[in-house]
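As structure tokens, the structure follows; a few thoughts come after it.
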Amino acid sequence: MISENSAVETDAGSANDYIREAIRKDLRDGHYRNVHTRFPPEPNAYLHIGHSKAIWINYGIAQDFGGLFNLRFDDTNPEREEQEFVDGIIEDVRWLGADWGDRLCFASDYFDQMYDWAKDLIRKGKAFVCDLSVEELSRTRGTLTSPGENSPFRNRSVEENLDLFERMRAGEFPDGARTLRAKIDMASPNLYLRDPVMYRIRHAEHHRQGNKWCIYPSYDWAHGLEDSIEGVTHSLCSLEYEIHRPLYNWFLEELGIYHPRQIEFPRLKLTHTVMSKRRFIELVKGGYVTGFDDPRMPTLVAMRRRGYRPEAIIEFVRRVGVTKADSVIEFHVLEDCVREDLNRAAPRVMAVLDALKVVIENYPENRDETVQAVNNPEDPLAGSRDVPFSRELYIEREDFQENPQPKFFRLAPGREVRLRYGYFITCVGVVKDDDGNVTELRCTYDPATRGGDSPDGRKVKATIHWLSAAHALPIEARILDHLFKASNPDDVAEGESYLSNLNPDSLRVVRGFVEPSVANAQPGSVYQFERLGYFCVDKDSAPNALVFNRTATLRDTWAKIAAKATPG
RNA sequence: UGCCGGAUAGCUCAAUUGGCAGAGCGCCUGACUCUGGAUCAGGAGGUUCUAGGUUCAAGCCCUAGUCCGGCAGCCA
């Protein structure tokens, strides 16, 4: 149980923002005795990264104040909603770590109560049945700068309204024939107060209610009621509902029922992506991505598939914080959170994505051995593993330059480097094909440097990753980049759509190799391929055909050094 | 020619009641290192949108502007 005092005295965490501030004041002033929030998605799409902000704010605040959090499906429009999305959303919210206890709620469960309350409003003379068509209603609503006009049906008697409303519910009228409207003020500067629609007729099957109803409540009518019924204290929603708040309050006041407080916050916006259901569908239908869970999409299913962990997403929304300013966050902030999380958690493994063969000339032909490799230098408990070593190896083509540029410290003719956890090797020869392409390196190794240390104390300037060619497992690596090349996909020339900003290189498929220790890795497992980045086993992966998504790159300081060293 | 909201470092955000404008990321420099990663240390970076006003004192309060965003579904 939440006592009055415990709620007030609870340390609201390190986060301090205008919402928490307002809640603290409400508790201090005795407006509410506890804190109860909710996340109310409509089950008409998969959740995206933007929703994680709403979840974090609602759940995080409930947590901070020792309060309760509900997961509620705002399923008031049967034409858009499906069970598939209910299931998907539940999975996503749980994955993020929000805990709604036994309070999994559905707005549609309150339809009876809402209907009764609507009749109360009719009896009070505060609602009426209107016969205007969509077009007529739109025309008489007025504009942003001019008042609307009263509906000719505005002064129907209570009896007539009640009768008509009951017949609406009974299914006597076709879709769109009539609506129930609140009677407020057609001259209000706030358009949402100009006799808003409370019920519309929709002869449609609801994913939970079946055909029980043919009238459905509108968002404005339903939402405050849902909050009130559930005992929500603070209804935290995004900024576009700010202008709806007077209406939210009006319904609760006219009904005289328990009155939660609505507070708004700005939506999360990210560069290099889009965040609307309509566009998700366009991207999928147009074949620009493979589905809602394509790892390039900003949906949570996609990010999960890509290897992002909930810890990283929570950290991201925490960093973004809560303010009233509407803003766009750089995508790299998210990536930085992902890197920070994975650096801590991901086991290291060696993989070569652009293989160059190396033959160790002084290593016996028929021998192989194993060397010990540390699984995660950030985590002493992660232990170590055996990695096979033999005469023929693969290294990254990029780790060799025949004519090394300034500040390039890796392999070059005559130069010695360390094979990570292996031996020091020196390049003694370069084999080329007829076109002059390097096809193979001839090297020697120093047996005394086994494990990577030289007994004579000599240093090498670089350590590179490698694979024993005979033991390496072939993999497909999907190198992912921003879906849109422009920071703002809507930044396009006249007549063009955001689709012209699609990044043609957002997916590059590469054939590479990985060490045998990951042979049985399950989809979802994330590794750091040493020096290459973080990679996650994709769901398309099979035991003999491993597929990895590149979750994120490492911070690439070499790219900066190379750029500086290159003239021009 | 409406209503509502916003504007502080490159970006995202802080700044008790009006009381020395700070942090994270990014950037630069250095240290260290068996990932050119990570980590650590240091540094640069501000006319707090503009113009007035109140005050001992203004990012904060007042006035007038400027710019940006949202709003005219029987969507949520």
Legend entry - From A72(B), G37(B), G2(B), nucleotide with atom closest to Thr145(A) side chain: G2(B)

Legend entry - Under-4.0 Å side-chain N/O to phosphate OP1/OP2 contact, Arg420(A) with G36(B): no

Inset, instruction - Would you mind classifying the nucleic acid contact of Gly176(A) as base, sugar-phosphate or nothing, using non-hydrogen atoms under 4.0 angstrom? - result: base

Inset, instruction - Taking the side chain as every heavy atom from C-beta outward, state whether His223(A) and Ser235(A) have any pair of such atoms under 4.5 Å apart. - result: yes

Inset, instruction - May I ask you to decide if the ring planes of Tyr527(A) and Phe548(A) are parallel, tilted or perpendicular, using 30° and 60° as cut-offs? - result: perpendicular

Legend entry - d(CZ, Arg194(A); C1', C74(B)) in whole Å: 17 Å

Inset, instruction - With heavy atoms under 4.0 Å as the rule, sort Val320(A) into base, sugar-phosphate or nothing. - result: sugar-phosphate

Taking only nitrogen or oxygen atoms into account, show me every contact under 3.5 Å that the protein makes with nucleotides 16-19 of chain B, one pair per line with its distance.
none

Inset, instruction - Would you mind classifying the nucleic acid contact of Arg181(A) as base, sugar-phosphate or nothing, using non-hydrogen atoms under 4.0 angstrom? - result: nothing

Contacts under 3.5 Å, N or O only, protein and nucleotides 66-71 of chain B:
residue, atom, partner, partner atom, Å
C71(B), O3', Tyr192(A), OH, 3.1

Inset, instruction - Write down the distance between CZ (Arg202(A)) and P (G73(B)), rounded to a whole number of angstrom. - result: 14 Å

Inset, instruction - Scan residues 333-352 of chain A against RNA chain B and write down, sorted by residue number, each residue with any heavy atom closer than 4.0 Å; if none is found, say none. - result: Asp336(A), Asn343(A), Arg348(A)

Inset, instruction - Would you classify Leu268(A) as touching base, sugar-phosphate or nothing, given that sugar-phosphate means primed atoms plus P, OP1 and OP2, and contacts are heavy atoms under 4.0 Å? - result: nothing

Inset, instruction - Check every strand shown and say whether Pro217(A) touches a base, only sugar-phosphate, or nothing at a heavy-atom separation below 4.0 Å. - result: sugar-phosphate

Legend entry - Whole-Å gap separating P (U12(B)) and CD1 (Ile49(A)): 17 Å

Legend entry - G42(B): syn or anti, per glycosidic angle within 90° of 0: anti

Inset, instruction - Could you please name the option among U35(B), C74(B), A76(B) that lies closest to any side-chain atom of His244(A)? - result: A76(B)

